[in-house]
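Heads up, the thing below is written out as structure tokens.
So that the names make sense, note that chain A is the first sequence line, chain B the second, and so on, each numbered from 1.
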Amino acid sequence: MARPVSARSPHTSPRRLSARFFRRPADELARALLGKTLVHADRRGVIVETEAYLGPEDLASHARFGATERNRVMFGPGGIAYVYLCYGVHEMFNVVSGSAGQAGAVLIRALALPGPGRDPSLARGPGKLTRALGLSRAHNGLDLARDERLYLAPGRAVPAAEVAVGPRVGIDYAGDWAAAPLRFWVADHPAVSRPPRSRRGRRGSGAGPAR
DNA sequence: GCGGGGATTAACT
DNA sequence: GTTAATCCCCGCG
């Protein structure tokens, strides 16, 4: 049965992001996902750091190989989960961007977990947040606009002044693409990933964590 | 088939 | 700063 409809317009507060939200290029989607809530069953966290991975032209993107068994969901419509294993150890969670035929995805790199006194390090880093939310390759290919357990919910809007931009992490092999400004994060947020021992490093004029 | 290496992390020296 | 852990993708022959 239908749940009770709120007294106000049911359209002012959608429970989840719908398919059309994801139909934009990866760099735009990476920016737009900041502040949104990633939900898996009873666990959730607010996205505070993302990276955009573009199509075959992006030498850091899995799409650079063309469509393969592993990355094929990147070539499909936006809003699909792309989850893969990295270094044989860590599951990496991505949101596919764009329309079918336009390869791209957004890597979720850090979440702010709810609850006062929650250790911010638990979801700081792409490998750690999948563990915190219980995500794995079993979720690869799920439709985030329709799945009952895994989806994205609207959160607070992040003002443009609070969004920092910089190069992506861990892709030094990618030539000129290594310097592309495709990493986005909430400036000064404690859950944003950074090297374990460089927390004393100077943050050049709020440009963000040194890396 | 084989071999190199990776969108990372934690635990070393 | 350096390195192990640990799996499997991808290119090549």
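A/L182 and A/Y53 are not part of a single hydrophobic cluster, where members link through side-chain heavy atoms under 4.5 Å apart. Taken together through direct or relayed side-chain contacts under 4.5 Å among Ile, Leu, Val, Met, Phe, Trp and Tyr, A/L107 and A/F93 form parts of separate hydrophobic clusters. Put simply, A/L59 and A/L54 are part of the same group of oily side chains (I, L, V, M, F, W, Y) that touch within less than 4.5 Å, one to the next.
Annotation: proximity of residues 84-93 of chain A to DNA chain C (heavy atom, distance under 4.0 Å) is found for A/L85, A/Y87, A/G88, A/V89, numbered in ascending order. Annotation: proximity of residues 61-80 of chain A to DNA chain C (heavy atom, distance under 4.0 Å) is found for A/F65, A/T68, A/R70, numbered in ascending order. Within residues 24-37 of chain A, no residue has any heavy atom closer than 4.0 Å to DNA chain C.
Using a 3.5 Å distance cut-off with no hydrogens or angles, the side chains of A/H62 and A/Y82 do pair a donor with an acceptor.
Between the A/E49 side chain and the A/S193 main chain, a donor and an acceptor come within less than 3.5 Å of each other. Side-chain atoms of A/N71 do not come within 3.5 Å of backbone N or O of A/M74 as any donor-acceptor pair.
Residues meeting the salt bridge (Lys or Arg N to Asp or Glu O under 4.0 Å) test with A/R156, sequence neighbours left out: A/E162.
Between A/Y173 and A/K128, it is A/Y173 whose nearest contact on DNA chain B lies nearer the 5' terminus.
Closest heavy-atom contact between A/F75 and A/P56: CE2-CG, 4.3 Å. Between A/A105 and A/S97, the shortest heavy-atom distance links the atoms N-OG, 3.5 Å.
Atom CZ in A/R168 sits about 15 Å away from atom C1' in B/dG6, given to the nearest Å. Taking atom CZ of A/R109 as the reference point, atom C1' of B/dT9 lies 11 Å away to the nearest angstrom. Residue A/D172 contributes atom CG, which lies 10 Å from atom P of B/dG6 at whole-angstrom precision.
Stacking here means ring centres nearer than 5.5 Å and ring planes tilted less than 30 degrees, and by that measure A/Y53 stacks onto B/dA7.
Contact annotation for A/L107: base contact, defined as any heavy-atom pair under 4.0 Å involving a base atom.
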- Task: Could you summarise the pairing of DNA chain C as dot-bracket text, marking Watson-Crick and G-U pairs under 3.5 Å with ( ) or [ ] inside the strand and | across strands?
- Result: |||||.||||||.
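Contacts classified as side-chain hydrogen bond (donor to acceptor under 3.5 Å, both in side chains) and involving residues 167-180 of chain A (residues at least two apart or in different chains) are given here: A/D58-A/R168.
Using a 4.5 Å heavy-atom threshold, the side chains of A/I108 and A/N94 count as separate.
Taking atom C1' on both C/dG1 and B/dA7, the two are 22 Å apart, rounded to the nearest angstrom. Of the P atoms belonging to B/dC2 and C/dT6, the separation is 22 Å, rounded to the nearest Å.
Relative to the six-membered ring of A/F21, A/R24 meets both conditions, a distance below 6.0 Å and an angle of at most 45° to the axis. Taking the ring centre of A/Y84 as origin, the terminal cationic atom of A/R70 falls inside the region bounded by 6.0 Å and 45° from the ring axis.
Within a 6.0 Å sphere centred on CD of A/E57, heavy atoms belonging to other residues, nucleotides or ligands number more than 12.
Within the 4.0 Å cut-off from OP1 or OP2 of C/dC8, at least one side-chain nitrogen or oxygen of A/R137 is found.
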